[in-house]
K.L.:
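Below is the structure I would like to discuss, written out as structure tokens.
Atoms considered below: every heavy atom in the structure, side chains included; atoms not considered: hydrogens, waters and symmetry mates. Whatever order the structure lists ligands and atoms in, that order sets their numbers, starting from 1.
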Amino acid sequence: MSFVFDPAPAVSVPVVGSAARFPVRRVYCVGRNYEEHAKEMGFTGREPPFFFLKPADAVVPVDAGTNARIAYPSLTKNLHHEIELVVAIGTGGRDIKAADAFKHIYGYAVGLDMTRRDLQNDMKKQGRPWCIGKAFEQSAPIGPITPAAQAGDIEKAEIWLQVNGADRQRSQVSKLIWNIAETIEHLSAAWELQPGDLIMTGTPEGVAAVVPGDTLEGGVAGLETIKVTIS
Ligand code: MN
């Protein structure tokens with residue numbers, strides 16, 4: 001087969017303990033999935049889970065022990081960090097029941113759902129799509145994927161983010177409103193999941209702005225940490 005120009009290279013993320021990489025197909029994101037974060041965004045109560053997407057090429061793969069650089073994006077004056085547990089799908093399926101969800105998981109990683117909050121809020125007010133606030137270039141730095149069997153008890157893990165060495169976000173994965181299995185059940189009712197899909201499961205409270213020169217370091221206990229500097 002020939003193409004009228006070279007196709008974009010496949011996006012992939014490193015895998016802990018393997019030379020082979022995880023090819024990324026889609027990046028699904030869950031909105032407002034920790035109660036204290038929902039509150040800080042002006043919402044209360046358990047609402048049905050809702051989803052948005054980032055394009056695969058928004059992923060910035062971050063190797064273990066490295067400090068990745070991302071550019072401060074255009075148009076915004078309020079770039080926010082959101083530290084998140086990322087679930088990597090290894091086996092696809094539709095209408096996956098929560099009880100079967102873990103069979104579909106390849107592994108876990110730490111990710112940042114970088115957000116142009118001012119633009120997202122403008123779109124929310126107007127009832128318009130969030131794309132411009134969420135789905136821009138380099139908006140999804142993702143650390144190495146740890147295979148599920150080596151990830152420990154991820155559902156009880158601590159999740160944290162520091163900016164320039166000071167705590168910004170600190171919580172537990174157990175505080176997810178919709179847990180990992182329930183999220184996969186809901187997501188796979190709406191879309192057929194495929195190998196290579198990543199799910200950013202939501203962020204705990206403490207989201208705030210970063211500026212050029214800031215270094216973000218975050219983690220989920222049992223997984224490789226992620227380190228990113230804004231330039
Ligand atoms: Mn998020």
K.L.:
Establish, from distance only, whether the side-chain atoms of S174 and K156 form a donor-acceptor pair under 3.5 Å.
P.N.:
no
K.L.:
Could you pull out the N/O/S protein atoms under 2.8 Å of the Mn ion (ligand 1), ignoring any water?
P.N.:
E82 OE1, E84 OE2, D113 OD2
K.L.:
Checking Q150 side chain against P147 main chain: does a donor-acceptor pair fall under 3.5 Å?
P.N.:
no
K.L.:
Should we count CD of E137 as having more than 12 external heavy atoms under 6.0 Å?
P.N.:
no
K.L.:
Side chains of H80 and Q120: any donor to acceptor distance under 3.5 Å?
P.N.:
no
K.L.:
Quick check: F50 with W130 (ring centres under 6.0 Å apart)?
P.N.:
yes
K.L.:
Just checking K54: does its NZ atom have more than 12 heavy atoms from other residues, nucleotides or ligands closer to it than 6.0 angstrom?
P.N.:
yes
